[in-house]
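Scroll down for the structure; my scribbles are underneath it.
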Amino acid sequence: MTRQVTRDKIRVIHSLGAYDVQYLRFSEAMERLPDGSVIVTDENVWSAWGGAFRAGVPVYRVPAGEGSKCLERYSAVIDALSEAAVDRSATIVAIGGGVVGDLAGFVAATYMRGIPYVQVPTSLLAQVDSSVGGKVAIDTPRGKNLIGAFYPPQAVHIACETLDTLPERQYANGMAEVWKYGFIMDAGLVEVLSRSGARDAIEGVVRRCIELKASLVQADEFDRTGKRAVLNFGHTVGHALEKVTGYEALLHGEAVAVGMAIEADLGERIGLTARGTADTVRRCLASQGLPTTHEALSRTDALIDAMRNDKKALAGVPAFSLITRVGECKLVSDIGVDDVRAVLRA
Ligand code: GLY
């Protein structure tokens, strides 16, 4: 498919400066890599796009999947960089989805106390969410993203045509986050998505999501005031589901889709969310082929335990970004465990 590439950039301003998020053809993204680049990617992206990587740039490959966001893999990449005598003049280039971006970004944040990095997100999920905002992290057995940093990239080059080769499940996985932006802050986006889920309109949709995300991360770069935390609609339950199912059964967006359905129920149960909103959320997600329930929801104790360890929790009390209606949301941190248990069981 010949894709029209939007040339304008979205500038994200942060405490250390600014970076641009821009749509580029894959080949252009490669041409723009600075001298001294070192690529980190995964085996799947290597198989699909490795032939188009810039010649002569060293490549470190990790297995595909959330399992690579672990201390052992982090340590292995650090060792490989050090054995190759990579120094502070280097730039790490993360080519891949959220896992690669988070792992490579955290390596960049910590190797020799920090070297520059560029994100080249190839999955829809990474393009609309994880590549923008400077959150980088790895998981531990006790929780997702428990070790990490706020470390802004030098640039985000969205390799737009990589979406054309994305398998349907991965595409729907990213669309979960796209619907989320609509549910939390843009009812118009929900309308657009409801009218047409067409993949050929995706560039405008991705752009809108990045604008929305940029506005939140600029307002609350370090996730301290609650403004950025609203991006976590569906994530308190979603992260807990990922944890109790061992990070492999569900893709992140699938777990968040189930989480959004349950958290919409929770909002209705406590009287915060307009009646009927949870039905709308379920209908939208189902139209995208996303799950809205999962058998592991019956493991209420394990899920609540995981929610108590969520980064938004304070003193072990889980917090939730809940929608008040489609297009509006609120961070809530005083919900009783009995209400959470009830919606998980329902
Ligand atoms: N993905 C949520 C955030 O960047 O804050």
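Note that these values count all heavy atoms, side chains included, but never hydrogens, waters or copies made by symmetry. Atoms within a ligand are numbered from 1 in the order they appear, just like the ligands themselves.
In terms of N/O distances under 3.5 Å, ligand 1 is approached by Lys135. Checked against a 3.5 angstrom limit, the closest N/O atoms of Asp223 and ligand 1 fall outside it.
Residue-level proximity to ligand 1 for Val217 is absent, since no heavy atom of it falls below 4.0 angstrom.
Distances below 4.0 Å separate heavy atoms of Leu231 from the following atoms of ligand 1: 3 (C), 5 (O).
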Between Val205 and Val178, is the side chain to side chain contact (heavy atoms under 4.5 Å, CB included) condition met? List the steps. CA-CA 8 Å; Val205 167; Val178 171; 3.4 Å; yes
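Heavy-atom separations between Lys213 and ligand 1 include at least one value shorter than 4.0 Å.
Of the protein's non-hydrogen atoms, Asp129 OD1, 3.1 Å is the one closest to atom 1 (N) of ligand 1.
Here the rule is side chain to side chain contact (heavy atoms under 4.5 Å, CB included) with Phe320, and of Val237, Asp334, Leu331 only Val237 fits it.
The pair Asp35-Arg54 meets the salt-bridge criterion, with a side-chain N (NZ, NE, NH1 or NH2) lying under 4.0 Å from an Asp/Glu carboxylate O. By the 4.0 Å N-to-carboxylate-O rule, Arg207 lies close enough to Glu211 to be salt-bridged with it.
Using modelled atom types, one finds a donor on one side chain and an acceptor on the other under 3.5 Å when comparing Glu177 with His235.
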